[in-house]
Protein chains: 2
Amino acid sequence: MNLSLTEENYLKALFFISGSEGNLVNTNAVAERMETKPATVTDMLRKLKKKELIEYQPYKGSRLNKEGRLYAIQILRKHRLWETFLVDKLGFGWEEVHDIAEQLEHVRSPKLTQRLASFLGNPQFDPHGDPIPDESGAFPIREELTLDRSVEGEVVIVKGVKDSSPEFLNYIAKLGIKLGDSLNVLSVEPFDGSILLVHNRQEFRLSAQASTNLYISRA
Amino acid sequence: MNLSLTEENYLKALFFISGSEGNLVNTNAVAERMETKPATVTDMLRKLKKKELIEYQPYKGSRLNKEGRLYAIQILRKHRLWETFLVDKLGFGWEEVHDIAEQLEHVRSPKLTQRLASFLGNPQFDPHGDPIPDESGAFPIREELTLDRSVEGEVVIVKGVKDSSPEFLNYIAKLGIKLGDSLNVLSVEPFDGSILLVHNRQEFRLSAQASTNLYISRA
DNA sequence: CAATAAATTTAGACAAATCTAAAAATGATT
DNA sequence: AATCATTTTTAGATTTGTCTAAATTTATTG
């Protein structure tokens, strides 16, 4: 199956909107994510249905079928491998790699994907801490523990970010926090949930909002 | 200037057809290279002229102008850098990288190109021995010496291939000849110009045709 | 140099991906 | 249940890159 760039992007959008349970997706939601008009989405849904990549009933909604889901996951796999390459090998910051990976993810060559993965040491998580599916489409499992769940006195390791918006990534980068860094949780403020911690010998306070968006593991 | 994939491929085609002297290019020649019809080419030439990337007079021919040439060279730079990456870092054979590089060359990110080049050690020549232009569009100079010009008893180093068709690359790969290998020229057959040489302690004969397509330098 | 051949362009059409505006279906509300 | 609001689809148009067939320009040649 050889899809156009646009078709691939619609599959990705459906994958992200419908979540892991594979819910039915609203046409409007797709339009919003794709930054296009609902009428355009309807056309594309009809097309993807004809190619047997999605289920779609007019007025009811759409969802990826098995083949479409696998296709979307392969794109996601490429995206996250390229992000890892950009950060680990080319020294990009994790906040600047998304747009480049959006381009690289569409390069078609199974052999390239396989070799890239092996060159990177078959990583299980990308620089944002997001899981990289394997060739068969299976995701590695991660403990979904966030910093706001930590207790006073604990030392934790940063494993990923829940929110990978440029705003949050930039904020985190500005603080100098990177994947794998260890944080010493000094105290949790009962009033607003903000957390006092030590990172690289430096003491500072992180808002509750920020802490809910940092995945950690106990050291 | 943000060009479509197709527009970029036309610029490349014009660059390759017109050669280093910047000759006027026939519409038919472009059509052949792009595997499309002359009428289609005419439309595109009009479009590229409007974007001020080429000179074009109906019925007379077309050629890249300064801006178009620079654009084409930047794509070529990316192509050859990616080929180098695929061979040097991912272990691809030099005969299998062209099609993948054709895709990667269109990825838009000056920072990526710059970092990739530096990651590769700012190479001057790609795995086929072809020159990689720098950011300003300047090409490194290479001695255009081919194996058929060598004399008996000489030891030479393989610097590149003149013909980079899959057929020739496969043939060369089958013989085990790689960039940087040294060849000991034992004798040149006066009858057909074929060359008897030693490579990795192994003696064999190479046709004149093959030898004219191997760039070398004297060891 | 006039006729013919070759190269090129013009004209008109089509598929893909998009849009706007209008129509239809669904759902929510009194 | 009838009406109104929302969501979604349909209809018709646009742009990009392509095509075929016909017309035009340039080149060749008897």
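Keep in mind the model is a prediction, meaning the values are calculated, not measured. Convention: sequence-line order gives letters A, B, ...; per-chain numbering from 1.
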How many whole angstroms separate atom CD of A:Glu8 from atom C1' of C:dA16? 16 Å
Of the options D:dT10, D:dT18, C:dT9, whose atoms approach the side-chain atoms of B:Asp43 most closely? D:dT18
Within the 4.0 Å heavy-atom criterion, would you say B:Pro38 contacts the bases, only the backbone, or no part of the nucleic acid? base
Integer-rounded Å distance: C:dA15 P and A:Lys51 NZ: 14 Å
side-chain N/O B:Arg46 vs C:dT10 OP1/OP2, d < 4.0 Å: yes
Distance in angstrom units between B:Met34 CE and D:dC19 C1', rounded: 15 Å
So, are A:Glu7 and A:Lys12 salt-bridged, with charged N and O less than 4.0 Å apart? no
Determine the interplanar angle of the A:Tyr171 and A:Phe168 rings, folded into 0 to 90°, and report it as parallel if under 30°, tilted if 30 to 60°, perpendicular if over 60°. tilted
Check whether any side-chain nitrogen or oxygen of B:Asn26 sits under 4.0 Å from OP1 or OP2 of C:dT8, and answer yes or no. yes
Using OP1 and OP2 only, check whether a side-chain N or O of A:Thr40 sits under 4.0 Å from C:dT18. no
Rounded to whole Å, how long is the line connecting atom CE of B:Met44 with atom C1' of D:dT15? 12 Å
Separation of D:dT7 atom P from A:Leu24 atom CG, nearest Å, is 16 Å
So, does A:Ser4 get its side chain near the phosphate of C:dA16, meaning an N or O under 4.0 Å from OP1 or OP2? no
Rounded distance in Å - CD (B:Gln57) to P (C:dT9): 11 Å
For D:dT8, does OP1 or OP2 lie under 4.0 Å from any side-chain N or O of A:Lys60? no
Would you indicate, yes or no, if D:dT8 has its OP1 or OP2 atom less than 4.0 angstrom from a side-chain nitrogen or oxygen of A:Asn28? yes
Could you tell me whether A:His79 and A:His98 have their ring centroids closer than 6.0 angstrom? yes
Could A:Arg77 and A:Glu105 be called an ion pair, given the rule that one side-chain N must be under 4.0 Å from one carboxylate O? no
When you match B:Ala39 and A:Ala39 each to their closest nucleotide on DNA chain C, which lands nearer the 5' end? B:Ala39
Regarding B:Thr27, tell me which of base, sugar-phosphate or nothing describes its non-hydrogen contacts under 4.0 Å with the strands shown. sugar-phosphate
Any donor-acceptor pair under 3.5 Å from B:Asn213 side chain to B:Gln209 backbone: yes
Phosphate oxygens OP1/OP2 of D:dT10: is one of them under 4.0 Å from a side-chain N or O of A:Tyr59? no
Under 4.0 Å between any heavy atoms, over every strand shown, what does A:Thr6 touch: base, sugar-phosphate, or nothing? Just pick one. sugar-phosphate
Could you please name the option among C:dT8, D:dT9, C:dC19 that lies closest to any side-chain atom of A:Thr42? D:dT9
Below 4.0 Å: OP1/OP2 of C:dT20 and any side-chain N or O of A:Lys37: yes
